[in-house]
Colleague: 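I'd like to ask you about the structure that follows.
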Amino acid sequence: PISPMRSLAVLVAVTSLLTVASPAHAGRPTTPPAHSATADWSYVSNTVWHTPIKEFLALRDHHSAWANSFDWTTDGCSTPGHVEKGRFYNFHDACIRHDFGYRNLHLLESRFGGGHTYWNEDNRKRVDQQFLTDMNSSCSKRSWFVRPVCRAWAKVYYLGVRAFGSSFAPVNPSA
């Protein structure tokens with residue numbers, strides 16, 4: 001026979017497991033990590049390189065108080081002579097993520113870096129490549145006959161940020 005204490009222990013264990021696994025408990029926000037080089041780098045890198053653009057835009061619109069300590073500002077596509085929404089393309093969303101990437105790599109460098117730990121040529125290139133990926137994704141949603149023109153503009157924008165994007169020099173956060 002099973003002792004009453006053992007039955008009680010099994011009941012408590014099962015109840016605890018069911019509580020944690022219940023749909024009401026699922027999706028409940030976890031406590032955000034404390035700001036640290038590791039946590040902040042993880043947030044920025046996941047947001048820039050591993051989050052689909054649609055989810056990125058939702059994060060931007062409804063980010064947590066913890067995420068407020070990151071730079072969500074944007075100037076859209078700041079290109080002379082063109083706007084981010086042309087007749088054959090719309091790169092506005094890609095430009096927003098590109099700004100987030102550059103600005104937050106600079107931010108992490110000023111918070112935790114000490115010699116281009118975050119804002120370096122490899123990470124800058126990765127942000128620029130994500131920009132091209134996001135623009136090409138936008139082009140793929142266009143009509144088949146305008147996709148080549150859209151992709152050509154995406155390449156122009158990409159080459160522009162590679163040539164004239166934010167320099168590799170570290171940023172002074174108080175400037």
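Please read all numbers here as calculations on a predicted model, not as lab measurements.
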Colleague: Please list all pairs meeting disulfide bond (SG atoms under 2.5 Å apart) that have one or both residues in residues 109-164, counting only residues at least two apart or in different chains.
Modeller: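 Residue pairs passing disulfide bond (SG atoms under 2.5 Å apart), neighbours aside: C139-C150.
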Colleague: Using 0.5 Å steps for rounding, measure from the CD1 atom of I53 to the CD1 atom of I96.
Modeller: 7.5 Å
Colleague: Side chain to side chain contact (heavy atoms under 4.5 Å, CB included), that's the test. Do S69 and R111 meet it? Break it down for me.
Modeller: CA-CA 11 Å; S69 63; R111 277 185 191 165; 3.6 Å; yes
Colleague: Filter on disulfide bond (SG atoms under 2.5 Å apart), then keep only pairs touching residues 35-72, sequence neighbours left out; what's left?
Modeller: none
Colleague: Check for a donor-acceptor pair, side chain of D71 on one end and backbone N or O of L107 on the other, with a separation under 3.5 Å.
Modeller: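 Not at all, since once roles are kept as given, no pair shorter than 3.5 Å links the two residues.
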Colleague: Would you give the length of the straight line joining atom CH2 of W72 to atom OG1 of T47, rounded to the nearest 0.5 angstrom?
Modeller: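 Going from the CH2 atom of W72 to the OG1 atom of T47 covers 5.5 Å.
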Colleague: If I take atom CZ from residue R126 and atom CG from residue L105, how far apart are they, to the nearest 0.5 angstrom?
Modeller: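 Interatomic distance, R126 CZ to L105 CG, rounded to 0.5 Å: 9.5 Å.
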Colleague: Walk me through whether S140 and R147 qualify under side chain to side chain donor-acceptor pair (under 3.5 Å).
Modeller: CA-CA 7 Å; S140 70; R147 283 184 203 150; over 6 Å; no
Colleague: Verify, without hydrogens or angle tests, whether S137 (side chain) and T133 (backbone) share a donor-acceptor contact under 3.5 angstrom.
Modeller: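 Not confirmed, S137 side chain does not pair with T133 backbone.
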Colleague: What residues, two or more places apart in sequence or in another chain, satisfy ring pair (Phe, Tyr, Trp, His ring centres under 6.0 Å) together with W49?
Modeller: W41
Colleague: Can a donor-acceptor pair be found, under 3.5 Å and without considering hydrogens, that links the side chain of N46 to the backbone of Y43?
Modeller: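 Checked: no pair found.
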Colleague: Given 3.5 Å as the limit, does a donor-acceptor pair link the side chain of E109 with the main chain of T117, or not?
Modeller: yes
Colleague: Which distance, rounded to the nearest 0.5 Å, do you find between the OG1 of T51 and the CG of L59?
Modeller: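 So the gap between those two atoms works out to 6.0 Å.
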Colleague: What pairs with H50 under ring pair (Phe, Tyr, Trp, His ring centres under 6.0 Å), at least two apart in sequence or on another chain?
Modeller: none
Colleague: State the CG-OG distance between N104 and S45, to the nearest 0.5 angstrom.
Modeller: 11.0 Å
Colleague: Would you mind telling me which of F100, W119, F112, F70 makes a ring pair (Phe, Tyr, Trp, His ring centres under 6.0 Å) with H106?
Modeller: W119
Colleague: Working to the nearest 0.5 Å, report the span between CG of D40 and OG of S42.
Modeller: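 Atom-to-atom, D40:CG and S42:OG are 9.5 Å apart.
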Colleague: Using the salt bridge (Lys or Arg N to Asp or Glu O under 4.0 Å) rule, pick out the option among R97, R162, K155 that qualifies with D128.
Modeller: R162
Colleague: For R124 and V161, which heavy atoms make the closest approach, and how far apart are they?
Modeller: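 In terms of heavy atoms, the two residues are closest at NH2-O, 2.6 Å.
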Colleague: With sequence neighbours excluded, tell me which residues meet side-chain hydrogen bond (donor to acceptor under 3.5 Å, both in side chains) with D93.
Modeller: none
Colleague: Taking S143 for the side chain and V146 for the main chain, is one N or O donor matched with an acceptor at less than 3.5 Å?
Modeller: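 No, the answer is negative, given that no donor and acceptor are paired below the 3.5 Å cut-off.
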Colleague: Using 30° and 60° as the class boundaries, would you call the ring planes of W153 and Y89 parallel, tilted or perpendicular?
Modeller: tilted
Colleague: For residues 45-62, pull every pair meeting salt bridge (charged side-chain N to carboxylate O under 4.0 Å, His left out), keeping only residues two or more places apart or in separate chains.
Modeller: none
